[in-house]
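The structure under discussion appears below in the form of structure tokens.
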Amino acid sequence: MTALTPDYDAIVIGAGVCGLYQMHRLAQMGVRATVLEAADDLGGTWRQNRYPGARFDSESVSYGYSFSKELLAEWNWSERFAGRAETERYLHHVAVKFDLEKHIQFNNRVDAATWDETNRMWRVSLADGRSLTTRFLMTAIGMLSTPTLPRYKGVDSFKGLSFHTYHAPRQPVDYAGKRVAVIGAGATGVQVISELADKVGDLTVFQRRPNWCAPLHNAPITPEEMEAFKASYDSIFAACRASGGGFIHEADHRRTMEVPEPERLAFWEQLYATPGFAKWVGNFGDVSFDPVANAEYSKFIAGKIRQRVKDPAIAEKLIPTDHGFGTRRVPLETRYYEAYNRNNVHLIDLNKTPIVEITPAGLRTSDHDYAFDIIIYATGFDAITGAFDKIAFTGVDGLTLREKWADVPATAYGVMTHGFPNLITLAGPQSASVASNFPRAIEDIVDWWSDFLAHMQAKGLTRVEARAETEAAWLAHLKGITDSLLLSTAKSWFTGYNGNLDREYKNRYLIYVGGGPRYREHLGREVETGYSGFELG
Ligand code: NA7
């Protein structure tokens with residue numbers, strides 16, 4: 001029997017930051033490939049998250065793709081931390097420059113993908129009823145692309161405008177004079193609240209657990225500064241490669257409590273005044289694993305919150321008590337704490353007065369009926385595995401990915417999983433992309449996989465599967481590192497917490513926290529050993 005020839009050698013699902021770069025590499029390699037994108041345009045996260053205040057927490061100049069010197073030379077970022085619209089424009093510019101749009105099929109949602117062992121290919125089912133076949137299937141479906149709404153009674157009954165931040169209206173919303181509720185105080189809620197405080201009539205924030213927020217220090221980039229950045233791109237990207245999280249900030253390896261207090265405090269003041277994630281990833285490294293160091297730094301940040309919020313009772317409500325600094329995702333903010341000094345901004349502690357239901361006019365807590373014109377749900381995502389669960393992947397012997405990853409996912413470096421040959425999970429659970437300045441890790445992963453694909457094609461190989469031993473070793477390695485860090489003790493989307501799903505919480509080991517350099521070592525070792533962690537056929 002002759003095996004069928006698939007429609008494509010490679011299908012990429014998703015046309016965001018990851019999918020665009022993967023498509024570019026495939027086109028360069030001459031691979032017969034296409035991108036299937038559910039939306040009507042490219043851009044992924046940056047197309048989708050149209051909520052007020054959406055912008056980078058990564059330095060713009062560290063976020064852009066690094067693969068093309070020409071692209072770096074011609075693109076000018078206007079702000080240290082670009083807003084959503086600018087990033088979307090940038091991705092369009094990339095797509096035009098590298099002629100990527102002709103490879104993308106928009107409005108094509110993938111519902112299911114089933115492995116056909118006989119023909120060594122994936123059968124991909126689309127929502128419009130079509131079916132396509134491909135030798136290799138690459139997922140670039142986003143880590144935070146499955147939003148979750150609270151399960152309050154009456155969510156559909158509200159008569160005003162309400163939306164999850166991920167589904168914020170594409171048309172501008174007139175907030176002036178409006179009574180607005182924001183539910184949720186994660187990185188998204190913090191951006192929304194900071195942006196809207198002085199633009200609405202009244203803003204009421206419904207907070208369950210506060211986060212440790214720190215100043216972003218955004219500013220315009222002048223043409224002269226941009227020229228200077230362009231001249232130093234090599235060192236910017238070298239710094240990103242050297243750092244654990246792919247940022248320009250490098251950890252300080254002194255032990256917190258061994259640094260004399262005045263020096264320590266001066267260092268922390270300097271970090272607090274530094275733009276971006278310096279106060280998280282540029283800190284003493286032991287703040288991430290030593291409870292004493294972490295408590296000391298948390299105390300310093302709590303002091304900042306108390307200085308910035310005038311009402312001491314409100315300040316206390318904004319200081320986390322259930323987790324230390326940096327053990328959950330640190331929201332970066334612009335005058336967030338000062339928003340609570342305004343007369344039109346109110347903070348409701350949901351631990352004291354929980355929401356009972358959403359009503360046609362607003363919402364009801366255990367002690368009050370509120371009326372609103374707009375309710376914004378900044379309630380987060382079914383993170384990292386949520387987008388995978390929405391597609392029915394079926395691998396060898398009828399095994400489904402949903403079943404396999406229901407508890408703790410098992411993967412080889414986060415990019416492949418045993419039982420699902422030729423499925424490449426580019427921004428998958430347990431890959432370095434999740435805990436990183438995304439494009440930095442994604443370029444590494446896409447490059448590594450594209451070289452692997454070229455190797456297979458050169459040898460006439462048509463099947464690759466992660467070995468069970470490789471993923472067992474990866475999980476053990478990942479657990480070892482994660483368990484040594486304080487973030488493993490905090491309930492957050494990093495560890496798989498989402499109170500809006502029917503799932504009992506336990507750490508699902510979703511992110512690789514070993515850092516970019518170590519991650520690349522693992523991938524590099526595979527290359528050196530002829531990809532010994534994978535079964536090739
Ligand atoms: P996050 O960080 O998961 O934050 C979600 C927020 O919504 C958080 O404050 C939650 O409180 C709150 N939440 C969730 N469900 C509810 C219900 N039912 N009632 C009240 N409050 C609720 O998501 P973000 O969108 O802010 O950030 C995600 C990432 O996007 C971010 O890290 C960036 O990388 C980009 P909780 O803390 O669970 O008590």
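Heavy atoms only: backbone and side chains are in, while hydrogens, waters and symmetry mates are out. We count ligands from 1, going down the list as the structure has it; atoms in each ligand are counted the same way.
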Below 3.5 angstrom, do we get any N/O pair linking Arg329 and ligand 1? yes

Please report the closest heavy-atom contact between Leu426 and Ser433, naming both atoms and the distance. O-OG, 4.3 Å

Where is the nearest protein heavy atom to atom 24 (P) of ligand 1: which residue, which atom, and how far? Thr188 OG1, 3.2 Å

Enumerate donor-acceptor pairs with a distance under 3.5 Å from any side-chain N or O in residues 167-176 to protein atoms, sequence neighbours excluded.
from, atom 1, to, atom 2, distance (Å)
Arg170, NH1, Asp40, OD1, 3.4
Arg170, NH1, Asp40, OD2, 3.3
Asp174, OD1, Ala176, N, 3.2

Angle between ring planes, Trp280 versus Phe277, binned at 30° and 60°: parallel, tilted or perpendicular? perpendicular

Judged by heavy atoms only, the candidate from Asn351, Ile183, Asp382, Val155 nearest atom 21 (N) of ligand 1 is Ile183

Of the choices Pro354, Ala187, Ala490, Pro331, which has the non-hydrogen atom that lies closest to atom 31 (C) of ligand 1? Ala187

Ligand 1-proximal atoms of Val190, by part, heavy-atom distance under 4.0 Å: neither

Going by an N to O cut-off under 4.0 Å, is there a salt bridge joining Asp444 and Arg241? yes

Is the distance between the ring centroids of Trp493 and Phe381 under 6.0 Å? no

Would you call Phe372 and Thr359 a side-chain contact if the rule is heavy atoms closer than 4.5 Å? no

Would you mind telling me if ligand 1 is within reach of the side chain of Leu350, the backbone, both or neither, using heavy atoms under 4.0 Å? side chain

Asn498: which residues meet the side-chain hydrogen bond (donor to acceptor under 3.5 Å, both in side chains) condition with it, sequence neighbours left out? Thr148

What are the atoms of ligand 1, with element, lying closer than 4.0 Å to any heavy atom of Phe381? 25 (O)

Give a yes/no on ligand 1: does Arg151 have at least one heavy atom closer than 4.0 angstrom to it? no

In terms of the angle between their ring planes, are His477 and His522 parallel, tilted or perpendicular, with boundaries placed at 30° and 60°? tilted

Quick note on ligand 1: atoms under 4.0 Å from a heavy atom of Gly184 include exactly 6 (C), 7 (O), 9 (O), 12 (C)

Consider every N or O of Ala378 and every N or O of ligand 1, then say whether any pair is closer than 3.5 Å. yes

Please determine whether any non-hydrogen atom of Ala185 lies less than 4.0 Å from an atom of ligand 1. yes

Looking at ligand 1, would Tyr377 count as a contact under a 4.0 Å heavy-atom criterion? no

Using a 4.0 Å heavy-atom cut-off, which part of Tyr152 comes near ligand 1: side chain, backbone, both, or neither? side chain

